[in-house]
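Everything on this sheet refers to the single structure shown next.
Only a predicted model underlies this, so the values are computations on that prediction, with no experimental measurement involved.
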Amino acid sequence: MARAYEGGSRRLPESITFRPISDADLPFLNALYASTREDELRMVDWPEPQKVAFLDMQFEAQHQYYHEQFPRAEFMVVERDGKAIGRIYLDRRPDEIRLIDIALIPEVRNQGLGEALLRELLDEAQEAALPVGIHVEQFNPAMRLYLRLGFEPVEDQGVYKLLKWQPAPDPG
């Protein structure tokens, strides 16, 4: 995404910036991950320390997996006015842009920022004539947004669906 923003964003306010993650971001990224699992864990009758330990373990496993499976990916913190508000992880491949993960803190969800981030990525993909792929959990509330933006399910992988967005054909 950083490439799309080098010349300035068409869809995002100037207050939104991106930077590579660092080890100093791990506590923020862990808390962000936990915030994406709150609804799911509300249904589990575990003591709070057990939930925290479970989320810590899951975050570590996901973080390690992403870095092992996508060694050339861009792992970026999304900031607004210099304050971390989310993450976006992208793997630019010769034949596809893979959106590995995108998440925003609860305080900024459902305000259009996630959609603006996705539209910015789709603009970049359209210019590069590349599809965008993402794995989405079947019951993820963001599934509606992906489908509305033109992503289509191409593979059912049990818990996840692989969605793809295709660029419009070049009219020229």
Q. Heavy atoms, side chains only, cut-off 4.5 Å: are H67 and H63 in contact?
A. yes
Q: Without swapping roles, check the side chain of Q111 against the backbone of E107 for a donor-acceptor pair under 3.5 Å.
A: yes
Q) Does H135 have any ring-ring contact (aromatic ring centres under 6.0 Å, His included) partners at least two apart in sequence or in another chain, and if so, which? A) none
Q. V78 versus I102: any side-chain heavy-atom pair under 4.5 Å?
A. no
**Q.** Residue R72 excluded, over 12 heavy atoms near CZ under 6.0 Å
**A.** no
Q | Spacing of F139 atom CZ and D39 atom CG [to the nearest 0.5 Å] | A | 14.0 Å
Q) Between P167 and A125, which heavy-atom pair has the shortest distance, and what is it? A) CB-O, 4.4 Å
Exercise answer: donor-acceptor pairs, residues 22-33 side-chain atoms, under 3.5 Å, sequence neighbours excluded:
| from | atom 1 | to | atom 2 | distance (Å) |
| --- | --- | --- | --- | --- |
| S22 | OG | A24 | N | 3.3 |
| S22 | OG | D25 | OD2 | 3.4 |
| D25 | OD1 | R19 | NH1 | 3.3 |
| D25 | OD1 | R19 | NH2 | 2.7 |
| D25 | OD2 | R19 | NH1 | 2.7 |
| D25 | OD2 | S22 | N | 2.8 |
| N30 | ND2 | D56 | OD1 | 3.1 |
| Y33 | OH | R37 | NH1 | 2.2 |

Q) Distance from L121 atom CG to L99 atom CG, nearest 0.5 Å? A) 6.0 Å
(Q) According to a hydrophobic-cluster definition based on side-chain heavy atoms being under 4.5 Å apart (Ile, Leu, Val, Met, Phe, Trp, Tyr only), do I100 and L162 belong together? (A) no
Q: Step by step, work out the side chain to side chain contact (heavy atoms under 4.5 Å, CB included) result for L163 and M143.
A: CA-CA 9 Å; L163 304 181; M143 180 72 80; 3.6 Å; yes
Q.
More than 12 heavy atoms of other residues, nucleotides or ligands under 6.0 Å from CD of E152: yes or no?
A. no
Q. Can you name the nearest heavy-atom pair linking P94 to L130, along with the distance?
A. O-CD2, 3.4 Å
Q.
Going by the rule salt bridge (Lys or Arg N to Asp or Glu O under 4.0 Å), which residues pair with D156 if we only count those two or more places apart in sequence or in a different chain?
A. K161
Q: Identify, with sequence neighbours excluded, every residue that meets ring-ring contact (aromatic ring centres under 6.0 Å, His included) alongside Y89.
A: Y66, F75
(Q) Would you compute the distance between atom CD of Q64 and atom CD of Q69 and round it to the nearest 0.5 angstrom? (A) 10.5 Å
Q | Between CZ on residue R119 and CD on residue Q126, distance to nearest 0.5 Å | A | 13.0 Å
Q: Name all residues meeting the ring-ring contact (aromatic ring centres under 6.0 Å, His included) criterion together with F54; count only those two or more places apart in sequence or in a different chain, and write none if there are none.
A: W46
Q.
Restricting to non-hydrogen atoms, name the atom on E79 and the atom on G82 that form the minimum distance, rounded to 0.1 Å.
A. OE2-O, 3.7 Å
(Q) Between I97 and Y160, is there shared hydrophobic-cluster membership here, with clusters defined by ILVMFWY side-chain heavy atoms closer than 4.5 Å? (A) no
Q. If you measure from CG on L118 to CZ on F151, what distance do you get to the nearest 0.5 Å?
A. 6.0 Å
Q: Provide the full list of salt bridge (Lys or Arg N to Asp or Glu O under 4.0 Å) pairs with a residue in residues 93-106, sequence neighbours left out, each pair given once.
A: R87-D101, D91-R93, R93-E96, E96-R98, E96-K164
Q) Is there side-chain contact between E124 and E127, with at least one heavy-atom pair below 4.5 Å? A) no
Q.
When you group the ILVMFWY residues by side-chain heavy-atom contacts below 4.5 Å and let the links chain together, are I88 and I105 in the same group?
A. yes
Q) Linking I/L/V/M/F/W/Y whenever their side-chain heavy atoms sit closer than 4.5 Å, directly or via other members, would Y65 and L55 fall into one cluster? A) yes
Q.
Test of understanding: clusters of I, L, V, M, F, W, Y form through side-chain heavy atoms closer than 4.5 Å, transitively. Do L147 and L117 belong to the same one?
A. yes
**Q.** Nearest-0.5 Å distance, CZ of residue R109 to CG of residue L104
**A.** 7.0 Å
